[in-house]
Protein chains: 2
Amino acid sequence: MAKLSHQPLYRQVVREVLSRIEAAEWRDDEPLPSETELGKNFGVSQGTVRKALDELVVEGVLYRRQGVGTFVAGTSDFLARSRFTPLTGVGGEAPKFELLGCVRINAGEQLAEVLGQRRGAVLWQVRKLIRVAGAAVGLEEILLPERSFPDLDMRRVRELKGNVPELCWRDYGVRLKDGEVRYRAVPAAQAEARLLQVEVGEPLLQLVRLSRDFDGRPQVWSVAWLKTERDAFEPATSAEQD
Amino acid sequence: MAKLSHQPLYRQVVREVLSRIEAAEWRDDEPLPSETELGKNFGVSQGTVRKALDELVVEGVLYRRQGVGTFVAGTSDFLARSRFTPLTGVGGEAPKFELLGCVRINAGEQLAEVLGQRRGAVLWQVRKLIRVAGAAVGLEEILLPERSFPDLDMRRVRELKGNVPELCWRDYGVRLKDGEVRYRAVPAAQAEARLLQVEVGEPLLQLVRLSRDFDGRPQVWSVAWLKTERDAFEPATSAEQD
DNA sequence: CATTTGTCTTTTGTCTTATATAAGACTGTA
DNA sequence: TACAGTCTTATATAAGACAAAAGACAAATG
């Protein structure tokens, strides 16, 4: 592998593997060539390939099975993977997503800023209802710039059951990294209250997140509102002064 | 390093280094011997030591500076390190902790269970108020079994400004790993409302956490209530149907 | 015939050795 | 003293040898 950009070899391998995944050289859950083989391809040792793949494994792009191979991890929605209080239904039932709508809106000032768009830029707004065992437990709203994701349509969103990361990936070649999540507690507004069947003003857990692609460019903004179930954990029964 | 317990070498090194830190062989922010030297000590190669230290670095036990050395990271409170909405005050001012009290209570059923104590076991309850720029933004309640931490007293807690992980470490040799955090949104109860100067019922972000030691034994339970600041982020201004 | 056991191949996982790079201390010189 | 080289020692990277695991398939076993 040619010494370009003055980065360590294994990091160059990371980039190369990523771009080959992007070029759809290997599909989801399909094994890559073995580390030894990749090493021969790139002209580096197995150990170097390994260190590169290590990074992609912790990023969640790949997964490994000893003695079997290294596989491309399918993109999946952050919330679908999360173990949040309301999402961990009885028996660990997986949450289901119900697409509510997909409309175009104009970005507010702050949002345009964080997404690197000009003020008032057109954004797609995808809204999903999250259900566990039939009950509505959460609401998610995903915002992506039309500029980066042109010609989005409801049909394709629906096809993928609202899995936006997967959509960005398959149709636009944009691989999203999980962004850092900010947590807030907010009172339910009219809209959320109706959909989640709670009182207006009831506390909801809000997850705000900015996802970037692997080059660090901000791509998708999303906000989720989650119902907190009632079982207020009572830590202790009686007290005595120290 | 003798082949004991049938674990990989580097993992045995992890355990050995941890126990030496526990034995106070090196203090906080003091450099360990070099990787090469440790390797000679343990009878393994520098690379193996490196892999072991890697783990401890991601765990937050150690930190490195290339060309200089590897250092013991001081224990610090999870919340003090966190970048939570209310904790990231203007200009990134660090939150201050104000000790409210330290009392003994009896564990409820669930709590006794998760802490591996018998029902009704005596727990220390340490309560702290979190301030940023003078304003009360949060409340933390920490529960630890008296059985594991005997003879705790207010003086020592106060000395360390309520830094419980540091206390467990210095006085009891128990190194706490950051446990996974569960997030909830709860209405402020009387007590919280008064301390945080909010209305009863106002949404608070609740962080619930079980910290274990490095052997995986549950040690400390803690709950924090954080005020969410008002600046409701308004993502968009106008909408049109798709 | 069904089931287990062995063995062979391919894969990831571990470990060592060699070398590169970074940081700071030291030293000679203007 | 100020500064530039260089030396020492630390972490970082790279390559390759070898171990362990998984699955396929053949041979043994009831």
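Quantities reported herein were computed from a predicted structural model and do not represent experimental measurements. Chain letters run A, B, ... following the sequence lines, proteins first and then strands; every chain starts at 1.
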Can you say whether the rings of B:Y63 and B:F71 are parallel (under 30°), tilted (30 to 60°) or perpendicular (over 60°)?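 Plane angle under 30°, so parallel.
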Spacing between [X] atom [atom1] and [N] atom [atom2], to the nearest angstrom:
| X | N | atom1 | atom2 | answer |
| --- | --- | --- | --- | --- |
| B:Q66 | C:dG24 | CD | C1' | 13 Å |
| A:R11 | D:dA14 | CZ | P | 10 Å |
| A:Q12 | D:dA15 | CD | P | 11 Å |
| B:L9 | C:dT17 | CG | P | 12 Å |
| A:R65 | D:dG23 | CZ | C1' | 10 Å |
| A:E35 | C:dT14 | CD | C1' | 12 Å |
| A:F71 | C:dT12 | CZ | P | 8 Å |
| B:K51 | D:dA12 | NZ | P | 16 Å |

Side chain of [X] (C-beta onward), nearest among [options]:
| X | options | value |
| --- | --- | --- |
| A:Y10 | C:dA22, C:dT14, D:dA14 | D:dA14 |
| B:T36 | D:dT11, C:dT16, C:dT11 | D:dT11 |
| A:T48 | D:dA15, D:dT11, C:dT12 | D:dA15 |
| A:S45 | D:dA15, D:dA17, D:dT11 | D:dA15 |
| A:V68 | C:dT14, C:dT12, D:dA22 | D:dA22 |

Under 4.0 Å between a side-chain nitrogen and a carboxylate oxygen: does that hold for [X] and [Y]?
| X | Y | result |
| --- | --- | --- |
| B:R209 | B:E140 | yes |
| B:E35 | B:R64 | yes |
| B:R175 | B:E22 | no |

Go through residues 57-64 of chain B and report each residue with a non-hydrogen atom lying under 4.0 Å from DNA chain C, sorted by number.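 The stretch gives none, as no residue of it lies under 4.0 Å from the strand.
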Please classify the nucleic acid contact of B:G47 as base, sugar-phosphate, or nothing, using heavy-atom distances under 4.0 Å.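 Base contact - B:G47 has a heavy atom under 4.0 Å of at least one base atom.
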When we call it a touch if two heavy atoms are under 4.0 Å apart, what does A:R50 touch: a base, just sugar-phosphate, or nothing?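 If one applies the 4.0 Å heavy-atom cut-off, A:R50 turns out to touch a base.
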Got a donor-acceptor pair under 3.5 Å from the side chain of B:Q46 to the base of D:dA10?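 Such a pair does not exist between side chain and base.
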Would A:K51 and A:E55 satisfy salt bridge (Lys or Arg N to Asp or Glu O under 4.0 Å), going step by step from the backbone distance to the final call? CA-CA 7 Å; A:K51 182 153 190 182; A:E55 289 216 348; over 6 Å; no
Test applied, salt bridge (charged side-chain N to carboxylate O under 4.0 Å, His left out); reference residue, A:E159; option that passes from A:R155, A:R156, A:K161: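 So, applying the salt bridge (charged side-chain N to carboxylate O under 4.0 Å, His left out) to A:E159 and each of A:R155, A:R156, A:K161, only A:R155 qualifies.
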Check: B:E141 and B:L143 side chains under 4.5 Å, non-hydrogen atoms: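 Counting from C-beta outward, B:L143 and B:E141 do come under 4.5 Å.
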